[in-house]
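First comes the structure, then the notes that go with it.
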Amino acid sequence: MKIGIDASRAYEKNPTGVGRYAKELIESLIEKNHLIKEHEIILFLKPEAKIKNLSKKLPLNWKIKQVFFKPFLWSQIGLTLAFWR
């Protein structure tokens with residue numbers, strides 16, 4: 001199964017609310033990857049996201065996909081199209 005996560009706010013400088021929740025969820029799933037290693041996990045990020053350290057610690061079944069779309073329609077249209085592809 002493919003599991004997509006909107007990680008666009010998780011890796012902001014100081015994540016709060018939804019961003020903090022997403023970051024904690026992602027880090028928890030990475031730690032528990034042995035339980036979900038048969039699934040493909042895709043993190044959807046904005047192009048400007050700072051992901052240098054993140055990509056180094058991702059398990060092999062995890063991927064990062066950057067979604068290029070105008071900032072004000074990113075989640076409504078850009079993320080929707082990326083999920084469908």
(request) Is it possible for you to say whether V18 and L45 belong to one hydrophobic cluster, with membership spreading through side-chain heavy-atom contacts below 4.5 Å? (result) no
(message) Would you say I5 ends up clustered with L60 if hydrophobic residues are merged whenever their side chains have heavy atoms under 4.5 Å apart, either directly or through other cluster members?
(response) no
Does [X] have any side-chain hydrogen bond (donor to acceptor under 3.5 Å, both in side chains) partners at least two apart in sequence or in another chain, and if so, which?
{"X": "N61", "value": "N33"}
{"X": "K37", "value": "none"}
{"X": "E27", "value": "none"}

(request) State the CD1-CG distance between I41 and L29, to the nearest 0.5 angstrom. (result) 6.5 Å
(request) Show your working on side chain to side chain contact (heavy atoms under 4.5 Å, CB included) between L58 and I30 and close with a plain yes or no. (result) CA-CA 7 Å; L58 288 180; I30 289 172; 3.7 Å; yes
Can you find a heavy atom in the side chain of [X] that is under 4.5 Å from one in the side chain of [Y]?
{"X": "I64", "Y": "F44", "answer": "no"}
{"X": "K63", "Y": "E40", "answer": "yes"}
{"X": "I26", "Y": "Y11", "answer": "yes"}

(message) One pair to check against side chain to side chain contact (heavy atoms under 4.5 Å, CB included): D6 and L43. What are the steps and the verdict?
(response) CA-CA 6 Å; D6 176 0; L43 300 179; over 6 Å; no
(request) Give the minimum heavy-atom separation between P15 and G19, together with the two atoms involved. (result) CB-C, 3.8 Å
(message) Within the supplied structure, the quantity of interest is the number of heavy atoms (other residues, nucleotides, ligands) at a distance under 6.0 Å from L35 CG; does it exceed 12?
(response) yes
(request) Begin with the C-alpha distance, continue with both residues' side-chain angles, and end with the deciding distance and a verdict on side chain to side chain contact (heavy atoms under 4.5 Å, CB included) for I42 and I3. (result) CA-CA 6 Å; I42 305 166; I3 301 169; over 6 Å; no
(request) Could you note down all residue pairs passing salt bridge (charged side-chain N to carboxylate O under 4.0 Å, His left out) where residues 9-23 supplies at least one of them, sequence neighbours left out? (result) R20-E24
